[in-house]
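Because the structure is a prediction, the values reported are computed rather than measured.
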Amino acid sequence: MEVCQPLAKTANPCHALEQLELMLTRLRQHHNPIRHFEDYENEVHALFAQAEREVLANDLASLDVDAPAIELNGTCYHRALRCSATYQSAVGPIRVARTLYRHDKEPCICLSPPQSGIYRLI
């Protein structure tokens, strides 16, 4: 996937990692001493996967372009809708709010990850 815009700063970019650290501490306390390593291992894996999904959702959301109108490859598109949708990531589904744009009666497009071509805000 090619992305032609930098990641925007998020309000709390380390929230997922802070939560992961907290949950790992609680898990270690609960399993002290570790009696069934397989159960412990599965719980650790689930915590990391959840943190990874949150990081990916935050980063994908930060790529969203939300403007009243944009120009893409010389065509003007107007904001049609902003809504949340579920996307499949490498670590499972993530839910992200995105902005959709439309030109006349053509199907809507979403700019993040950006479509082929250069766009500008109007």
Side-chain angles (χ1 to χ4, degrees):
M1 168 184 3
E2 184 178 314
V3 177
C4 65
Q5 66 193 54
L7 289 172
K9 298 279 188 223
T10 56
N12 188 0
C14 297
H15 178 73
L17 299 179
E18 291 169 358
Q19 283 298 108
L20 176 62
E21 182 84 27
L22 178 64
M23 296 305 291
L24 282 172
T25 299
R26 288 181 184 164
L27 182 64
R28 288 176 179 136
Q29 289 170 349
H30 177 74
H31 284 279
N32 187 15
I34 296 174
R35 297 189 195 291
H36 302 286
F37 189 77
E38 185 177 350
D39 294 341
Y40 174 77
E41 178 182 24
N42 288 332
E43 290 182 54
V44 168
H45 172 70
L47 290 175
F48 272 85
Q50 177 58 38
E52 188 175 2
R53 283 190 296 275
E54 186 176 329
V55 167
L56 292 174
N58 287 339
D59 288 350
L60 182 58
S62 75
L63 291 173
D64 189 54
V65 175
D66 187 20
I70 54 122
E71 183 182 303
L72 177 65
N73 298 332
T75 302
C76 182
Y77 293 81
H78 294 278
R79 180 177 25 212
L81 176 67
R82 181 157 176 80
C83 65
S84 293
T86 301
Y87 298 89
Q88 189 60 37
S89 75
V91 290
I94 57 176
R95 191 144 181 90
V96 180
R98 315 270 295 276
T99 304
L100 301 177
Y101 296 90
R102 176 174 282 167
H103 172 72
D104 293 333
K105 297 200 185 272
E106 292 179 12
C108 288
I109 63 168
C110 181
L111 289 180
S112 59
Q115 303 288 322
S116 297
I118 303 298
Y119 69 88
R120 71 181 180 93
L121 305 179
I122 342 185

Worksheet item: Are D59 and V55 close enough, and set up right, to give a side-chain contact (heavy atoms from CB on, under 4.5 Å), and what steps lead you there?
Response: CA-CA 6 Å; D59 288 350; V55 167; 3.8 Å; yes
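- Using a 4.5 Å heavy-atom cutoff, the side chains of V44 and L24 are in contact.
- Expressed to the nearest 0.5 Å, how far OG1 of T75 lies from CD1 of I109 amounts to 9.0 Å.
- When all heavy atoms of V65 and T99 are compared, the closest pair comes out as O-CB, 3.4 Å.
- At least one donor-acceptor pair under 3.5 Å links the side chain of H103 to the backbone N or O of C76.
- Contact check for E43 versus L47: no side-chain heavy atoms found under the 4.5 Å cut-off.
- In this structure, the side chain to side chain donor-acceptor pair (under 3.5 Å) partners of Q50, at least two apart in sequence or on a different chain, are R53.
- Of the possible donor and acceptor atoms, none in the side chain of Y87 sits under 3.5 Å from a partner among the backbone N and O of L60.
- With values rounded to the nearest 0.5 angstrom, H15 atom NE2 is found 11.0 Å from L20 atom CG.
- Formation of a donor-acceptor pair under 3.5 Å by the N42 side chain with backbone atoms of E38 is found in this model.
- No side-chain heavy atom of Y40 sits under 4.5 Å from any side-chain heavy atom of R35.
- At distances below 3.5 Å, at least one donor-acceptor pair connects side-chain atoms of R102 with backbone N or O atoms of E106.
- Residues satisfying the side chain to side chain donor-acceptor pair (under 3.5 Å) test with S89, not counting sequence neighbours, are none.
- I94 and L100 fall into different hydrophobic clusters, where Ile, Leu, Val, Met, Phe, Trp and Tyr side chains are chained together by heavy-atom contacts under 4.5 Å.
- L81 and Y77 end up in different hydrophobic clusters when Ile, Leu, Val, Met, Phe, Trp and Tyr side chains are linked at under 4.5 Å.
- Sorted by first then second residue, the salt bridge (Lys or Arg N to Asp or Glu O under 4.0 Å) pairs that include residues 79-95, not counting sequence neighbours, are D64-R82, D66-R79, D66-R82.
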